[in-house]
Number of protein chains: 2
Amino acid sequence: MRKEVKDNETKTKIINAARKLFSEKGFDGVSMEDIAQASGVRKSLIYYYFPSKEVLFEEIWINVIDELENDIFSEIEGESNITRVIKKLIKKYIEFVMNKSEISKLIARERMNVLDGDNQMGNAKLKYVGLMKKIENVFEKGKQEDVLNDIEPSAATEMISAVDSIHKKSVLKNIEEFLMRVILKEKVEH
Amino acid sequence: MRKEVKDNETKTKIINAARKLFSEKGFDGVSMEDIAQASGVRKSLIYYYFPSKEVLFEEIWINVIDELENDIFSEIEGESNITRVIKKLIKKYIEFVMNKSEISKLIARERMNVLDGDNQMGNAKLKYVGLMKKIENVFEKGKQEDVLNDIEPSAATEMISAVDSIHKKSVLKNIEEFLMRVILKEKVEH
DNA sequence: GTAAAATTTGACCGAACGGTCAGTAAAATT
DNA sequence: AATTTTACTGACCGTTCGGTCAAATTTTAC
């Protein structure tokens with residue numbers, strides 16, 4: 001029992017330090033020595049737990065996309081009314097960007113590399129594309145039930161996903177209303 | 001006369017090669033040797049023309065933000081009808097992202113570093129912030145003339161600027177209509 | 001308590017990085 | 001034509017990079 005906790009502790013320290021640094025400076029802007037110092041361990045210890053920088057990054061990426069996915073879909077899971085589902089999805093995505101800026105910055109920074117890069121990080125790409133597909137499926141359902149306001153599900157998905165690039169976080173609540181108003185046929189009340 | 005052309009030619013080759021590479025891999029992901037090889041010159045010759053990697057990047061950044069600004073504002077310059085101004089602004093921004101993907105990818109990749117980084121690249125930040133302010137002023141004018149649809153000028157500006165992060169370019173025309181429809185009170189005709 | 005397993009460390013590696021500088025060739029100036 | 005200036009080169013620099021590995025230390029299993 002005590003060993004279990006200790007094992008996770010070092011690996012977790014490394015992951016958390018790396019996540020913060022990747023979020024601040026991007027994958028290429030952070031060295032393994034930077035991560036080691038921020039974790040309070042030696043660089044070679046990182047290689048004990050992770051075979052390479054890429055594998056460390058990929059694990060972090062998959063964790064953060066998981067976290068985003070869980071934040072959104074755990075909220076909309078029991079809901080059957082598609083309009084309400086879409087509202088909750090938009091709301092949760094914006095809240096995520098507002099409240100978990102470390103993660104949303106990491107996604108904003110590294111999305112392009114993950115999507116356009118070589119096949120080295122194929123699992124990272126699959127994870128991200130999988131989540132986007134899942135979100136798009138919600139909009140497809142909205143389209144089928146005729147609650148969408150003449151926007152393609154893929155366009156709605158891309159608009160949502162671009163929100164993490166917005167620099168001025170103070171406008172995010174305004175943008176949330178904006179998105180709901182435009183995506184949904186139903187008039188939005190406050 | 002002949003010298004003038006030749007001077008510009010080498011420097012221009014370096015700038016163009018660097019721009020392309022920075023757009024593909026980001027500032028930190030590209031080495032000066034990469035740029036040298038892509039330019040067909042020696043690395044030390046880059047240092048003959050530019051004192052550092054940062055200065056090279058800054059010049060490129062300022063050029064691309066200039067180009068974006070010119071594309072947008074040269075189109076709306078003679079227009080006095082604010083609704084038409086806003087429509088043209090949105091249209092030109094989307095067209096820029098669609099047609100000049102090297103530049104829009106560069107902006108998407110490096111915006112966060114430029115805005116959040118240290119003061120080393122203060123001119124790059126000033127340039128970008130200046131353009132965003134200029135765009136926001138257009139929306140402010142729209143607000144004053146009551147053609148905006150209950151969206152804050154700063155939120156509209158941020159939505160527009162996030163468009164360069166959109167990965168799936170095929171949806172951009174749909175998003176253009178989307179943005180016009182929701183930003184402007186007037187109903188949009190095709 | 002002891003041996004084995006797991007974790008951690010320090011020293012090291014070759015390659016890559018941003019950058020420097022003396023020398024040379026070409027172009028421009030006198 | 002001689003001299004000066006400009007453009008370019010190759011070799012080099014110290015530092016940093018991702019990564020390796022034997023040894024030391026700590027933890028676990030019995």
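A note on names: the letters A, B, ... follow the listed sequences, proteins ahead of strands, and every chain is numbered from 1. Because only heavy atoms are used, hydrogens play no part in the values below, and waters and symmetry mates are left out as well, while side chains stay in.
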Where B:Leu21 and B:Ala38 come nearest, the two heavy atoms and their spacing: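 Taking B:Leu21 first and B:Ala38 second, the nearest heavy atoms are CD1-CB, 3.9 Å.
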Check the angle between the aromatic planes of A:Phe22 and A:Phe27 and answer parallel, tilted or perpendicular using the 30° and 60° thresholds.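 Ring orientation, 0 to 90° scale: tilted.
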Can you say whether the rings of B:Tyr128 and B:Trp61 are parallel (under 30°), tilted (30 to 60°) or perpendicular (over 60°)?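 The rings of B:Tyr128 and B:Trp61 sit tilted, inter-plane angle from 30° to 60°.
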Nearest-angstrom distance from the residue atom [atom1] of [X] to [atom2] of [N]:
{"X": "B:Ile46", "N": "D:dG10", "atom1": "CD1", "atom2": "C1'", "answer": "15 Å"}
{"X": "A:Leu45", "N": "C:dC12", "atom1": "CG", "atom2": "P", "answer": "20 Å"}
{"X": "B:Glu54", "N": "C:dG18", "atom1": "CD", "atom2": "C1'", "answer": "9 Å"}
{"X": "A:Ile14", "N": "C:dT8", "atom1": "CD1", "atom2": "C1'", "answer": "10 Å"}
{"X": "A:Lys13", "N": "C:dT7", "atom1": "NZ", "atom2": "P", "answer": "14 Å"}
{"X": "B:Phe50", "N": "C:dG18", "atom1": "CZ", "atom2": "P", "answer": "15 Å"}

Provide the Watson-Crick or G-U wobble partner of [N], both distances under 3.5 Å; none if there is no partner.
{"N": "D:dT9", "value": "C:dA22"}
{"N": "D:dA22", "value": "C:dT9"}
{"N": "C:dT29", "value": "D:dA2"}
{"N": "C:dG1", "value": "D:dC30"}

Decide yes or no, distance alone: a donor-acceptor N/O pair under 3.5 angstrom between the base of D:dG19 and the side-chain of A:Lys53.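 A donor-acceptor contact between them is absent.
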Thinking salt bridges, do B:Lys100 and B:Asp71 make one under a 4.0 Å N-O criterion?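 Salt bridge present between B:Lys100 and B:Asp71.
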Counting only side-chain heavy atoms from C-beta out, which of [options] sits nearest to [X]?
{"X": "A:Ser52", "options": "C:dG19, C:dT7, D:dG19", "answer": "D:dG19"}
{"X": "A:Ser44", "options": "D:dC8, C:dA6, C:dG10", "answer": "C:dG10"}
{"X": "A:Tyr48", "options": "C:dT8, D:dG18, D:dT9", "answer": "C:dT8"}

Does anything in residues 31-40 of chain A reach DNA chain D, meaning a heavy atom under 4.0 Å, and if so which residues?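 Of all residues in residues 31-40 of chain A, the ones placing a heavy atom under 4.0 Å from DNA chain D are A:Ser31, A:Met32.
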[X] side chain near [N] phosphate (N/O to OP1/OP2, under 4.0 Å):
{"X": "B:Arg42", "N": "D:dG10", "result": "yes"}
{"X": "B:Tyr49", "N": "D:dT6", "result": "no"}
{"X": "B:Tyr47", "N": "C:dG19", "result": "yes"}

Hey, does A:Ile103 have a side-chain heavy atom less than 4.5 Å from the side chain of A:Leu68?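 Contact flag for A:Leu68/A:Ile103 side chains = no.
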Would you say B:Glu152 and A:Val171 make side-chain contact, with heavy atoms under 4.5 Å?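 No, too far: nothing below the 4.5 Å cut-off.
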Apply salt bridge (Lys or Arg N to Asp or Glu O under 4.0 Å) to B:Asp28 and A:Lys25, showing your working. CA-CA 9 Å; B:Asp28 289 321; A:Lys25 300 189 186 175; over 6 Å; no
